[in-house]
Amino acid sequence: MKRYPPLERAITYIEAHLNEYIGLNEVSRETGYSYYYMTRLFSSVLGESVGHYINRRRLYNASEKLIHSDQKVIDIALDCGYESSEAFSRAFKAVFGYSPVAYRKAGLDLVIKAKKNWRRKMCAILPIIFHTLPRSSC
């Protein structure tokens, strides 16, 4: 796998500053690469813009808070950089297919279902790839 040091630095910076207002300008300045280079690099390697990556990471953090904390949805929305719970709910539903409230009510069931689905898919694919994996291990 090819390594992309500027991308690694950018992601490290983003992860360390997810709770702050950051955008492509800050990421570019931190990595020492131009705005345009970082735009092309993110799009070509990750298939999404820097802004989409940041928003998606914030939403994944919010999903964990919804399940593992008692924080109000509006507080989680504000922590994630959204100015209203409505905007947060729209963005959350677009990514997860559930409103934040429904996601919280479903709780860990959604996570468990996702893991079971992933396991079923892997059990179907791995024997084809490796030709030696016994079916009973799934």
Side-chain angles (χ1 to χ4, degrees):
M1 184 170 134
K2 189 173 180 183
R3 295 192 64 212
Y4 298 94
L7 184 64
E8 292 171 12
R9 282 199 310 263
I11 289 172
T12 300
Y13 176 78
I14 290 168
E15 293 297 322
H17 296 87
L18 269 178
N19 293 330
E20 302 169 19
Y21 174 79
I22 54 171
L24 183 54
N25 286 329
E26 290 78 19
V27 173
S28 297
R29 188 173 27 254
E30 180 65 25
T31 60
Y33 288 87
S34 75
Y35 179 97
Y36 299 104
Y37 178 78
M38 292 308 297
T39 299
R40 287 192 314 273
L41 184 62
F42 259 81
S43 294
S44 66
V45 176
L46 298 179
E48 63 184 338
S49 70
V50 174
H52 282 126
Y53 177 82
I54 292 169
N55 287 334
R56 185 174 51 79
R57 287 294 301 124
R58 287 179 175 158
L59 288 171
Y60 276 95
N61 285 349
S63 72
E64 289 181 10
K65 288 180 184 178
L66 285 167
I67 291 176
H68 300 292
S69 80
D70 292 331
Q71 269 187 291
K72 294 179 182 178
V73 172
I74 185 67
D75 293 334
I76 293 172
L78 294 173
D79 287 347
C80 290
Y82 289 89
E83 294 183 13
S84 70
S85 62
E86 292 83 12
F88 172 70
S89 292
R90 278 193 304 274
F92 193 91
K93 189 169 185 173
V95 171
F96 293 99
Y98 293 90
S99 71
V101 173
Y103 188 88
R104 175 175 267 168
K105 285 180 183 174
L108 294 176
D109 289 342
L110 293 174
V111 176
I112 292 167
K113 283 181 186 176
K115 284 184 179 179
K116 285 182 181 177
N117 287 339
W118 178 81
R119 185 176 173 99
R120 262 189 244 120
K121 287 179 185 177
M122 293 311 297
C123 284
I125 294 170
L126 289 176
I128 296 168
I129 295 171
F130 295 108
H131 303 290
T132 58
L133 186 67
R135 185 145 178 88
S136 62
S137 67
C138 292

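In this text the structure is predicted, and so the values were computed from the model without any measurement.
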Does some side-chain heavy atom of Tyr103 sit less than 4.5 Å from a side-chain heavy atom of Ile67? yes
Smallest separation among heavy atoms of Leu41 and Pro6, with atom names: CD2-CB, 4.1 Å
How long is the span from the CD1 atom in Ile11 to the CG atom in Leu46, to the nearest 0.5 Å? 5.0 Å
Kindly indicate whether the side chain of Phe92, heavy atoms from C-beta on, has any atom under 4.5 Å from the side chain of Leu66. yes
Taking all heavy atoms of Ala10 and all of Val27, pick out the closest pair and write down the distance. CB-CG1, 3.5 Å
First locate atom CD of Glu26, then atom CD of Glu20, and finally report the distance between them rounded to the nearest 0.5 Å. 9.5 Å
Heavy-atom check, side chain of Tyr13 versus side chain of Ile22, under 4.5 Å: yes
Inspect the surroundings of CD in Glu83 and state if more than 12 heavy atoms from other residues, nucleotides or ligands are less than 6.0 Å away. no
Side chain to side chain, Arg104 and Ile76, heavy atoms closer than 4.5 Å: yes
Would you give the length of the straight line joining atom CG of Asp75 to atom CG of Asp70, rounded to the nearest 0.5 angstrom? 11.5 Å
Identify the two heavy atoms, one from Cys80 and one from Ala62, that lie closest to each other, and give their separation to 0.1 Å. SG-CB, 3.5 Å
Between Val50 and Tyr37, is there shared hydrophobic-cluster membership here, with clusters defined by ILVMFWY side-chain heavy atoms closer than 4.5 Å? yes
Counting only N and O atoms by type, is there a donor-acceptor contact under 3.5 Å from the side chain of Arg58 to the main-chain atoms of Leu18? yes
Sequence neighbours excluded, which residues qualify as side-chain hydrogen bond (donor to acceptor under 3.5 Å, both in side chains) partners of His52? Ser49
Are Tyr35 and Tyr33 linked, directly or through intermediate hydrophobic residues, by side-chain heavy-atom contacts shorter than 4.5 Å (ILVMFWY only)? yes
Begin from the C-alpha positions of Asn61 and Asp79 and carry the test side chain to side chain contact (heavy atoms under 4.5 Å, CB included) through to its verdict. CA-CA 10 Å; Asn61 285 349; Asp79 287 347; over 6 Å; no
Do Leu78 and Val101 sit in the same hydrophobic cluster, where Ile, Leu, Val, Met, Phe, Trp and Tyr count as joined when their side-chain heavy atoms come under 4.5 Å apart? no
When rounded to the nearest 0.5 Å, the distance separating CZ of Phe96 from OG of Ser63 is 4.0 Å
Kindly give the heavy-atom pair with the smallest separation between Met38 and Ser28, and that separation in Å. CG-OG, 3.7 Å
Compare all side-chain heavy atoms of Ile54 with those of Tyr21 and state whether any distance is below 4.5 angstrom. no
Can you confirm whether Tyr82 sits close enough to Leu59 that some side-chain heavy atom of one is under 4.5 Å from a side-chain heavy atom of the other? yes
Can you hop from Tyr60 to Val73 via hydrophobic side chains spaced under 4.5 Å? yes
When rounded to the nearest 0.5 angstrom, what distance separates CG in Asn55 from CZ in Phe88? 11.0 Å
